[in-house]
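What follows is a set of notes on a single structure, which appears directly below.
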Amino acid sequence: MRILLTGGTGLIGRAMCQHWQRQGHDLFVWSRDPAQVPRLCSGAQGIAQLQALDGSAPLDAVVNLAGAPIADRPWTAARRDLLWRSRVALTRTLVDWMGQQATPPRVLLSGSAVGWYGDGGEQWLAEDSAPGNADFGSRLCVAWELEAERARQWGVRVAVLRTAPVLAPQGGMLARLLPPFRLGLGGRLGSGQQWMPWIHLDDQVALIDHLLQHDGCSGPFNACAPEAVRNADFTQTLARTLHRPAVLPVPAWALRLALGEMSVLLLGGQRLVPRRTQQTGFAWRYPGLAGALKQLLGSC
């Protein structure tokens, strides 16, 4: 296939490029710095503008994973603007361009996040649950998905991935947790009772490919492992995997003071079930947290 990818230099994008390169697909990565694409994205060609593809052979698929990191720094007004532009505005530009093509791509697979549900407390949440809309993160995801859904007017199949924190030692949440936990300085966040969805990087890659290949897959899909765990369970399992204690909790008040509204990402949670994902026949390689961390961290 001919595939256009946004967010190709990120954690998931780099893994997708490696996977698709092995399958022999033609890959194009829309990037602010296209010169770095061949080095970071195996077998991909970087483009600085979508118009570089005008007049070329039609694309089979667009995979939209772009977005500035949401948990790197507090949500100041400037940061909110960047997060909105890098997701909502970029997706709007992408979808508008798709609609201008003589032959639009057959499928758009667009990123979203479990933050779409907001803080769900103890409620079980599936893809047909209502959005959160109580915090900036959930409003951002709702607007992001709406922009992607506009592609349907041109006959494009649209699948939306509501992705949980992706576990990989080389990036994302797990990479940030490893230094303190390896020193025995890790612990639960707040009460530790908040639900914490997650997914192994290999399963995230496999799920994106699965949804791309199956023409009947349309609408939202929860990209998370089927095993639901609380934050306290997650931190204890991570500590055991590293053969370290986890006895230094971070108080909720300290997180709220340091992070403001962004603290909802750590103190809130989603008791998530990937119901529609399971119904597609997708099979997880790492459905349980202990097995996933053991594979990722080995004998660390």
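All heavy atoms count here, side chains included; hydrogens, waters and symmetry mates do not.
Following chains of ILVMFWY side-chain contacts shorter than 4.5 Å, one can reach Leu201 starting from Leu207, so the two form part of one hydrophobic cluster. Clustering ILVMFWY residues whenever any of their side-chain heavy atoms sit less than 4.5 angstrom apart, transitively, puts Ile208 in the very cluster that holds Met1. Follow the hydrophobic side-chain contacts under 4.5 Å out from Val264 and you reach Leu255 in the same cluster. By the rule that hydrophobic residues join a cluster once side-chain heavy atoms approach within less than 4.5 Å of another member, Val114 and Val142 end up as members of one cluster. Cluster annotation: Val166 and Leu177 are assigned to distinct hydrophobic clusters (Ile/Leu/Val/Met/Phe/Trp/Tyr, side-chain heavy-atom contacts under 4.5 Å, transitive).
Rounded to the nearest 0.5 Å, atoms CG (Leu212) and CE (Met16) are 7.5 Å apart. One distance of note links OH of Tyr117 with CD of Glu127; it measures 5.0 Å at 0.5 Å rounding. The CZ atom of Arg79 sits 6.0 Å away from the CG atom of Asp72 when rounded to the nearest 0.5 Å. Atoms CD and CZ, from Gln194 and Arg188 in turn, are 9.5 Å apart once rounded to the nearest 0.5 Å. Between atom CH2 of residue Trp116 and atom OG of residue Ser129 there is a gap of 7.5 Å, rounded to the nearest 0.5 Å. With rounding to the nearest 0.5 Å, the separation of CG in Leu238 from CD in Gln236 is 10.0 Å.
Atom CZ of Arg285 sits in a sparse spot, with 12 or fewer heavy atoms from other residues, nucleotides or ligands closer than 6.0 Å.
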Side chain to side chain contact (heavy atoms under 4.5 Å, CB included) evaluation trace for Leu59 with Phe28: CA-CA 10 Å; Leu59 292 168; Phe28 303 90; 4.2 Å; yes
Steps toward side chain to side chain contact (heavy atoms under 4.5 Å, CB included) verdict (Leu293, Leu174): CA-CA 10 Å; Leu293 290 176; Leu174 184 59; 4.2 Å; yes
From CA spacing to verdict: side chain to side chain contact (heavy atoms under 4.5 Å, CB included), Leu167, Met173: CA-CA 7 Å; Leu167 300 187; Met173 176 187 69; 3.5 Å; yes
Test log, rule salt bridge (Lys or Arg N to Asp or Glu O under 4.0 Å), inputs Arg2 and Asp60: CA-CA 5 Å; Arg2 286 170 57 84; Asp60 296 294; 5.9 Å; no
Step-by-step side chain to side chain contact (heavy atoms under 4.5 Å, CB included) determination, Leu242 to Leu178: CA-CA 9 Å; Leu242 295 171; Leu178 284 176; 4.0 Å; yes
Steps toward salt bridge (Lys or Arg N to Asp or Glu O under 4.0 Å) verdict (Arg92, Asp96): CA-CA 6 Å; Arg92 181 182 306 130; Asp96 287 345; 5.9 Å; no
Test log, rule salt bridge (Lys or Arg N to Asp or Glu O under 4.0 Å), inputs Glu145 and Arg162: CA-CA 9 Å; Glu145 292 189 16; Arg162 294 176 183 159; 2.8 Å; yes
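Between Trp284 and Phe282, the angle of the ring planes goes over 60°, which puts this pair in the perpendicular group of the 30/60° scheme. Between Phe136 and Trp84, the angle of the ring planes lies from 30° to 60°, which puts this pair in the tilted group.
Donor-acceptor pairing under 3.5 Å is lacking for the side chains of Asn222 and Thr277. The closest side-chain donor-acceptor pair between Thr280 and His210 falls under 3.5 angstrom. Between the side chains of Gln23 and Asp209, at least one donor-acceptor pair of N or O atoms lies under 3.5 Å.
Two residues are said to be in side-chain contact when any heavy atoms from C-beta on lie closer than 4.5 Å; Leu4 and Pro105 fail this criterion. Residues Ser112 and Arg87 form no side-chain contact, since every pair of their non-hydrogen atoms from C-beta on lies 4.5 Å or further apart. Residues Arg244 and Phe181 have side chains not in contact (no heavy-atom distance under 4.5 Å, counting atoms from C-beta outward). Between Cys17 and Leu5, the closest side-chain pair of non-hydrogen atoms falls below 4.5 Å. The shortest distance between side-chain heavy atoms of Gln101 and Asp54 falls below 4.5 Å. Between Met196 and Leu189 the shortest side-chain heavy-atom distance does not fall below 4.5 Å. In this structure, the side chains of Leu83 and Trp75 come closer than 4.5 Å at one or more pairs of heavy atoms. Side-chain contact between Leu161 and Leu211: present, with at least one pair of heavy atoms (C-beta onward) separated by less than 4.5 Å.
In plain terms, the two heavy atoms of Gly121 and Trp195 that are nearest each other are O-CD1, 3.3 Å. The heavy-atom pair separating Thr163 from Gln204 by the smallest distance is OG1-NE2, 3.2 Å. The shortest heavy-atom contact between Pro165 and Pro197 is CD-O, 3.3 Å. A pairwise comparison of heavy atoms in Trp124 and Leu272 identifies CZ3-O, 4.1 Å as the closest pair. Ala148 and Leu108 get closest at one heavy-atom pair: O-CD2, 3.7 Å. Taking both residues in full, the closest heavy atoms of Val95 and Trp154 are given as O-CZ3, 3.3 Å, listed atom of the first, atom of the second, then distance.
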